[in-house]
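I have placed the structure first, in the form of structure tokens, so that the comments after it can refer back to it.
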Amino acid sequence: MLTREAIARTALTILDEEGAAALTVRRLAGRLGVQSPSLYNHVSSKDEILDAVVELIDEEIDTDCLDDPDWRRGVTAFAHSYRRAFRAHPEALALIAREAVETDPALRAYDAALGALLRAGWSPERALQLLASIEYLVLGSALVPFTGGFVRTPAEYAGRYPALASALAGASDLGTVDDVGFERGLAALLRDEPPG
């Protein structure tokens with residue numbers, strides 16, 4: 001049965017399996033076994049389809065952890081959940097990263113995170129700044145993994161970029177660099193005490 005959620009789930013599957021370029025209304029309708037006009041009985045535009053995709057991803061983010069009395073532990077768990085949700089769907093993130101925040105699940109997540117920071121004693125302005133910093137770290141690390149940019153062997157970088165070659169060659173486990181970098185960045189952001 002064709003529903004807004006079924007359309008969103010299928011759109012997300014196309015993004016995950018085939019990439020952003022493959023997500024067209026025609027392709028989506030074909031995958032659902034209907035004609036394109038049938039989709040418009042449930043969604044008004046491709047932007048609304050993307051909003052529905054965002055809702056699906058945002059529903060994967062755990063906000064219950066923000067009730068933890070230890071605000072750092074709660075925000076850390078939230079940031080990990082947020083990152084996991086969007087790392088699972090990088091093609092979707094590339095499409096929606098510049099969109100206005102309009103979906104209820106996204107707005108609820110921001111509200112819950114800010115509520116946790118305000119309860120911990122952060123001023124509204126500083127709480128917003130801290131959440132923005134966390135979002136930059138989360139979405140940046142989900143969208144463009146640092147190590148994904150280095151596709152050559154360390155030896156191929158050695159002639160012109162010796163420090164880069166040395167660092168890549170010296171990494172005990174290049175696969176953990178992104179995760180360790182995320183952990184260190186998050187810990188640094190949460191090191192501050194609430195002002196006041």
Side-chain angles (χ1 to χ4, degrees), residues 1-66 75-114 131-152 174-183 185-186:
M1 185 173 177
L2 197 58
T3 63
R4 186 175 188 272
E5 182 176 346
I7 292 167
R9 289 201 181 282
T10 303
L12 185 55
T13 299
I14 291 170
L15 286 168
D16 289 345
E17 292 175 357
E18 302 175 45
L23 183 61
T24 63
V25 172
R26 175 178 276 181
R27 177 82 178 97
L28 180 56
R31 181 72 80 93
L32 288 163
V34 300
Q35 297 296 315
S36 297
S38 298
L39 296 180
Y40 293 113
N41 292 325
H42 303 279
V43 292
S44 62
S45 65
K46 187 172 177 182
D47 285 341
E48 188 176 341
I49 293 168
L50 292 177
D51 284 346
V53 167
V54 173
E55 288 176 17
L56 289 177
I57 298 170
D58 285 339
E59 291 290 349
E60 297 176 21
I61 300 171
D62 177 20
T63 57
D64 291 340
C65 56
L66 293 165
V75 171
T76 298
F78 169 75
H80 281 275
S81 177
Y82 192 177
R83 183 174 183 239
R84 255 190 322 274
F86 280 97
R87 275 183 85 184
H89 310 288
E91 290 290 330
L93 178 55
L95 280 180
I96 62 180
R98 292 189 181 104
E99 298 293 317
V101 180
E102 294 290 339
T103 66
D104 186 59
L107 293 169
R108 280 196 322 261
Y110 285 119
D111 189 65
L114 289 167
L131 186 56
S133 299
I134 291 167
E135 178 155 303
Y136 298 145
L137 181 64
V138 166
L139 296 183
S141 69
L143 183 61
V144 185
F146 177 75
T147 54
F150 304 107
V151 295
R152 300 183 220 161
L174 200 56
T176 65
V177 168
D178 289 308
D179 290 334
V180 171
F182 174 77
E183 294 294 340
L186 185 59

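Residue numbers start at 1 and run along the sequence shown. Because only heavy atoms are used, hydrogens play no part in the values below, and waters and symmetry mates are left out as well, while side chains stay in.
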Do [X] and [Y] have side chains that get closer than 4.5 Å, going by heavy atoms?
X	Y	result
Val25	Leu39	yes
Leu143	Phe86	no
Leu23	Leu50	yes

Straight-line distance of [X] [atom1] to [Y] [atom2], nearest 0.5 Å:
X	Y	atom1	atom2	value
Ile96	Asp58	CD1	CG	7.0 Å
Glu135	Leu131	CD	CG	6.5 Å
Leu2	Ile7	CG	CD1	4.0 Å
Leu56	Arg4	CG	CZ	8.5 Å
Ile49	Leu95	CD1	CG	11.5 Å
Thr3	His42	OG1	NE2	7.5 Å

Check your understanding: Do other residues, nucleotides or ligands put more than 12 heavy atoms under 6.0 Å from Gln35 CD?
Key -> no
Minimum heavy-atom separation for [X] and [Y], please, with both atom names.
X	Y	result
Ile134	Ala79	CG2-CB, 4.0 Å
Ile61	Ala85	CG1-CB, 3.8 Å
Ala92	Ile57	CB-CD1, 3.7 Å
Ala8	Ala52	CB-CB, 3.5 Å
Thr63	Ala112	CB-CB, 4.1 Å
Leu15	Ala20	CD2-CA, 3.6 Å

Exercise for review: List in chain and number order the residues that pass side chain to side chain donor-acceptor pair (under 3.5 Å) with Asp104, two or more places apart in sequence or in another chain; answer none if no residue qualifies.
Suggested key: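 Asp104 satisfies side chain to side chain donor-acceptor pair (under 3.5 Å) with Arg108 only.
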Check your understanding: Hey, what's the ring geometry for Phe78 with Tyr82, parallel, tilted or perpendicular (30° and 60° as the breaks)?
Key ->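 Rings of Phe78 and Tyr82: tilted, 30 to 60°.
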Check your understanding: Should Asp62 and Arg84 count as an ion pair when the cut-off is N to O under 4.0 Å?
Key -> no
Practice item. Answer yes when Arg83 and Asp179 have at least one side-chain N-carboxylate O distance shorter than 4.0 Å, and no when they do not. Key: yes
Exercise for review: Examine the side chains of His80 and Glu183 and answer whether a donor and an acceptor come within less than 3.5 Å of each other.
Suggested key: yes
Practice item. Among Leu12, Ile14, Thr13, find the one that has a side-chain contact (heavy atoms from CB on, under 4.5 Å) with Asp16. Key: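 Considering Leu12, Ile14, Thr13, a side-chain contact (heavy atoms from CB on, under 4.5 Å) with Asp16 is found only for Leu12.
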Check your understanding: Given Val53 and His89, is the side chain to side chain contact (heavy atoms under 4.5 Å, CB included) satisfied, shown in steps?
Key -> CA-CA 10 Å; Val53 167; His89 310 288; over 6 Å; no
